[in-house]
Amino acid sequence: MKYIKYLAIAMVLVAMVACGDDEPQSTYQRDFNMIYPVLPAGHKSISKIERKYDRGNTTVATASYDGDYLKSINVVNRDVDGSLLNEETITIDYKNGAIICDKKIQDVTYAFEVNSYGAFTKFSNVSTGRTSSAMTYDGSGHLEIAQVVTPTTTGTTVVNWMDGNLTQWVSRDVNKLDSVVYEYGTNAIPNKGNIDVAGNESFTFTTFVCAIMRNAGLFGTTSAKLPTVIKKGYDYSAVDASNPDAVELKRYNITYTLDAQGYVTSYTTNETPRYTVTYTYR
């Protein structure tokens with residue numbers, strides 16, 4: 001009986017250690033005064049985003065919260081046969097103004113700064129001390145310019161808004177020139193849940209990490225309405241580099257599914273390969 005008792009205690013201790021090993025760790029500390037975003041009436045916090053392609057591969061991002069505040073995001077990518085491709089977990093440390101990234105390739109800790117809206121304005125790699133990203137916003141809290149910095153290049157994304165709606169982003173770097181344009185039409189639906197628009201540019205973190213952060217107000221104000229068309233794939237070869245306009249190549253419709261209260265539960269585009277993004281709220 002004593003053997004069974006001690007074996008049970010040992011198993012519990014091993015389990016506790018194993019759980020602790022799964023949580024991102026950081027020794028980074030500083031005095032930081034976090035300003036939390038004030039979210040609009042009717043806002044719903046996202047607990048899960050799932051993207052599933054018709055061919056079977058999936059991405060699932062799951063968020064956890066400490067009260068009203070986003071605490072961590074776990075993202076799992078799987079192949080068409082369900083095998084694990086990649087997994088990452090990011091944890092937000094509001095006390096020290098840091099984001100701890102537990103990645104398969106390399107763990108990274110970023111120190112962040114926020115503005116008076118509680119939106120991120122800067123990410124710095126704690127190990128190197130270098131700035132990784134810097135963001136500026138307009139007077140309504142909309143992200144206007146984002147710069148992503150590497151040891152060799154600085155890429156800039158310019159974001160355009162009209163009547164509170166995201167209309168275009170243009171991203172330029174030494175090895176990158178890309179843009180996405182959005183159309184809303186007369187049937188555009190209100191963005192009651194403050195979800196991210198399809199195909200939005202991500203900074204420092206992966207697409208769905210940024211999408212959940214945007215929903216939490218950490219990248220400023222989201223689009224007031226949801227676009228009905230996303231226009232991707234531009235030919236810049238025949239236009240002046242200083243001109244953000246380009247020749248349109250591809251246009252995709254976005255179809256939404258809403259719940260009884262008008263919150264988006266999923267959307268589908270007719271891009272190839274075809275996929276559906278599903279939302280679960282707290």
Side-chain angles (χ1 to χ4, degrees), residues 15 18-25 37 39 43-93 99-110 120 123 180 191-219 222-223 226-227 230 232 252 254-259 261 263-282:
C19 291
D21 289 343
D22 289 339
E23 297 178 358
Q25 301 293 323
L39 300 171
H43 172 85
K44 279 192 175 183
S45 297
I46 293 172
S47 60
K48 183 168 71 173
I49 305 177
E50 181 176 6
R51 178 177 59 199
K52 185 172 183 179
Y53 287 89
D54 284 355
R55 60 191 181 191
N57 48 317
T58 62
T59 299
V60 179
T62 306
S64 64
Y65 294 80
D66 184 1
D68 294 330
Y69 306 123
L70 178 64
K71 179 181 178 182
S72 66
I73 306 169
N74 173 258
V75 181
V76 177
N77 294 287
R78 296 189 180 276
D79 205 344
V80 293
D81 60 359
S83 58
L84 181 66
L85 291 175
N86 192 25
E87 182 175 6
E88 64 174 324
T89 299
I90 72 103
T91 301
I92 305 176
D93 176 5
I99 296 177
I100 307 159
C101 304
D102 182 9
K103 299 183 178 182
K104 185 176 182 180
I105 300 174
Q106 182 181 12
D107 295 345
V108 183
T109 297
Y110 296 100
F120 295 134
F123 298 118
V180 168
N191 188 8
K192 292 184 67 175
N194 300 110
I195 66 173
D196 198 11
V197 297
N200 205 353
E201 181 75 308
S202 57
F203 312 106
T204 303
F205 310 103
T206 54
T207 299
F208 286 156
V209 170
C210 287
I212 292 175
M213 287 178 170
R214 285 189 171 105
N215 171 257
L218 294 170
F219 275 111
T222 54
S223 186
L226 292 168
I230 179 173
K232 301 173 66 176
Y252 305 104
I254 308 173
T255 304
Y256 299 92
T257 300
L258 310 178
D259 65 14
Q261 287 75 45
Y263 292 90
V264 174
T265 57
S266 68
Y267 73 78
T268 302
T269 75
N270 60 347
E271 298 181 57
T272 302
R274 185 181 172 90
Y275 65 89
T276 298
V277 175
T278 303
Y279 293 89
T280 304
Y281 302 94
R282 295 176 69 194

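These figures come from a predicted structure and were not determined experimentally.
Heavy-atom neighbours of Lys44 NZ from other residues, nucleotides or ligands within 6.0 Å: above the threshold of 12. For Lys48, the NZ atom counts as loosely surrounded, since its 6.0 Å shell holds 12 or fewer non-hydrogen atoms of other residues, nucleotides or ligands.
Ile46 has its side chain out of reach of Thr280: every pair of non-hydrogen atoms, C-beta onward, lies at least 4.5 Å apart. A 4.5 Å side-chain heavy-atom check between Asn270 and Tyr252 finds at least one atom pair inside the cut-off. A heavy-atom distance below 4.5 Å is found between the side chains of Leu218 and Pro37. Leu70 is listed as a side-chain neighbour of Ile92, based on a closest heavy-atom distance under 4.5 Å. At a threshold of 4.5 Å between non-hydrogen side-chain atoms, the residues Pro273 and Asp54 do not count as touching. Val277 is listed as a side-chain neighbour of Ile49, based on a closest heavy-atom distance under 4.5 Å. Contact of the Val75 side chain with the Val60 side chain is not registered, since no non-hydrogen atoms from C-beta on lie closer than 4.5 Å. Between Thr207 and Val209 there is no side-chain heavy-atom pair separated by less than 4.5 Å.
Using modelled atom types, no side-chain atom of Asp79 and backbone atom of Asp81 make a donor-acceptor pair closer than 3.5 Å. Lys192 places no side-chain N or O within donor-acceptor distance of the main-chain N or O of Val264, the cut-off being under 3.5 Å.
Side-chain contact, Thr268 with Thr276: a donor N or O sits under 3.5 Å from an acceptor N or O. Side-chain contact, Asp259 with Thr265: no donor N or O sits under 3.5 Å from an acceptor N or O. Defined by atom type and a distance below 3.5 Å, a donor-acceptor pair is missing between the side-chain atoms of Glu87 and Asn77. Of the N and O atoms on the side chains of Glu88 and Thr206, at least one donor lies less than 3.5 Å from an acceptor on the other residue.
Between Ile195 atom CD1 and Thr222 atom OG1 the span is 9.0 Å, to the nearest 0.5 Å. From Met213, atom CE reaches atom CD1 of Ile90 across 3.5 Å, with rounding to the nearest 0.5 Å. With rounding to the nearest 0.5 angstrom, the OH atom of Tyr256 is 10.0 Å from the OG1 atom of Thr269. To the nearest 0.5 angstrom, Ser45 atom OG is 11.0 Å from Tyr69 atom OH. Taken to the nearest 0.5 Å, the CG atom of Asn215 stands 13.0 Å off from the CZ atom of Phe208. Lys52 NZ to Asn57 CG: the interatomic distance, rounded to the nearest 0.5 Å, is 10.0 Å.
Below 30°, between 30° and 60°, or above 60°: for Tyr53 and Tyr275 the angle between ring planes is between 30° and 60°, a tilted geometry. Below 30°, between 30° and 60°, or above 60°: for Phe219 and Phe203 the angle between ring planes is between 30° and 60°, a tilted geometry.
Considering every non-hydrogen atom in both Ala63 and Ile212, the closest pair reads CB-CG2, 3.9 Å. Across all non-hydrogen atoms, the minimal contact from Ser223 to Val197 is CB-CG1, 3.8 Å. Taking every heavy atom of both residues into account, Arg214 and Glu201 meet most closely at NH2-O, 2.8 Å. Here the shortest heavy-atom pairing between Ile230 and Gly199 reads CD1-CA, 4.0 Å.
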(message) For a side-chain contact (heavy atoms from CB on, under 4.5 Å) check, start with the C-alpha distance between Tyr267 and Thr257, then their side-chain angles and the critical distance, and finish with the verdict.
(response) CA-CA 6 Å; Tyr267 73 78; Thr257 300; over 6 Å; no
(request) Test ring-ring contact (aromatic ring centres under 6.0 Å, His included) on Phe205 and Tyr110 and set out the steps. (result) CA-CA 11 Å; Phe205 310 103; Tyr110 296 100; 5.7 Å; yes
(request) Under the side-chain contact (heavy atoms from CB on, under 4.5 Å) rule, what do Arg274 and Arg55 come out as? Steps first, then yes or no, please. (result) CA-CA 8 Å; Arg274 185 181 172 90; Arg55 60 191 181 191; over 6 Å; no
